[in-house]
Amino acid sequence: MTISRRDFFRVSTSTALGGLVGLGIDLAPATARAEALRIKDTKAYPSVCPYCAVGCGTVVHAAGHEIVHVEGDVRSPVNQGNLCPKGAAIFQLHVNPNRTTKVLRRAPYATEWEEWELDRAMDRVAELVQKTRDETFVERSPSGKRLNHTLGIFSLGGATMDNEWNHVQQKLMRGLGVVAIENQARI
Ligand code: SF4
């Protein structure tokens with residue numbers, strides 16, 4: 001008989017649970033206790049999952065400046081406490097040891113990445129933005145209609161950017177005359 005991976009997990013799980021129930025062991029209090037210990041003495045901050053346009057509500061538990069747990073917000077009419085697998089892994093944004101924490105720059109035609117100080121990288125971005133805007137800004141169309149825009153810059157936000165960042169980004173880009181503004185979460 002061929003047993004699929006799905007069958008294997010279904011049988012294993014039901015057997016294990018059946019065994020515990022058969023022994024009269026109720027896991028609910030232990031699970032609740034473990035959860036309570038994890039967020040003990042933390043402060044809860046309501047937030048929104050950054051990944052997609054559904055906008056599920058979350059609760060971020062933090063001890064001081066340290067995030068210790070993120071879960072779905074049961075008060076949210078959008079998700080009522082539920083999170084999809086991607087949203088349920090939000091905490092990993094904070095603790096994943098493989099995430100990039102330094103500015104990496106690869107020069108044109110280079111094959112290696114080099115580490116840059118943040119200030120240096122920000123200065124370089126500002127320099128290129130100003131140069132591009134100065135070279136491509138259009139005040140009026142050929143017919144004289146006021147445009148005040150540049151088509152030389154495109155802004156693409158990331159799904160992990162929060163509401164506040166997006167708000168400021170919109171203001172900055174509109175102020176520069178950028179009209180092509182999009183977010184990766186909607187693509
Ligand atoms: S939890 Fe999932 S569905 Fe909800 S906003 Fe995040 S990515 Fe979208």
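Indexing begins at 1, ligand by ligand and atom by atom, following the structure's order.
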Query raised in the report: Where the closest heavy atom to atom 2 (Fe) of ligand 1 is concerned, which of A88, G55, C84 has it?
Result: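 Comparing heavy atoms across A88, G55, C84, the nearest one to atom 2 (Fe) of ligand 1 lies in C84.
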For [atom], closest protein heavy-atom neighbour:
| atom | answer |
| --- | --- |
| atom 7 (S) of ligand 1 | Y51 CB, 3.5 Å |
| atom 6 (Fe) of ligand 1 | C49 SG, 2.3 Å |
| atom 4 (Fe) of ligand 1 | C56 SG, 2.3 Å |

Query raised in the report: For ligand 1, is N79 a contact, meaning one of its heavy atoms is under 4.0 Å away?
Result: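 No, that is not the case, since the closest heavy atom of the residue is not under 4.0 Å from the ligand.
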Query - Atom of A121, atom of V103 and distance for their closest heavy-atom approach - result: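 That closest heavy-atom pairing would be CB-CG1, 3.6 Å.
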Query raised in the report: Do any of the N, O or S atoms of C52 sit under 2.8 Å from atom 4 (Fe) of ligand 1?
Result: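 Here the distance criterion (N, O or S atom, under 2.8 Å) is not met by C52, so no.
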**Report entry** Among K43, E71, K40, the one residue meeting side chain to side chain donor-acceptor pair (under 3.5 Å) with H61
**Finding:**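 So the option named by the test is E71.
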**Report entry** Residue pair F137, N148: steps toward the side-chain contact (heavy atoms from CB on, under 4.5 Å) verdict
**Finding:** CA-CA 7 Å; F137 192 76; N148 281 345; 3.8 Å; yes
Query raised in the report: Under 4.0 Å between a Lys/Arg side-chain N and an Asp/Glu carboxylate O for E135 and K131?
Result: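 Yes.
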Query raised in the report: Between R120 and E117, is there a salt bridge with N-O shorter than 4.0 Å?
Result: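 Looking at R120 together with E117, the answer is no, because their closest N to O distance does not fall below 4.0 Å.
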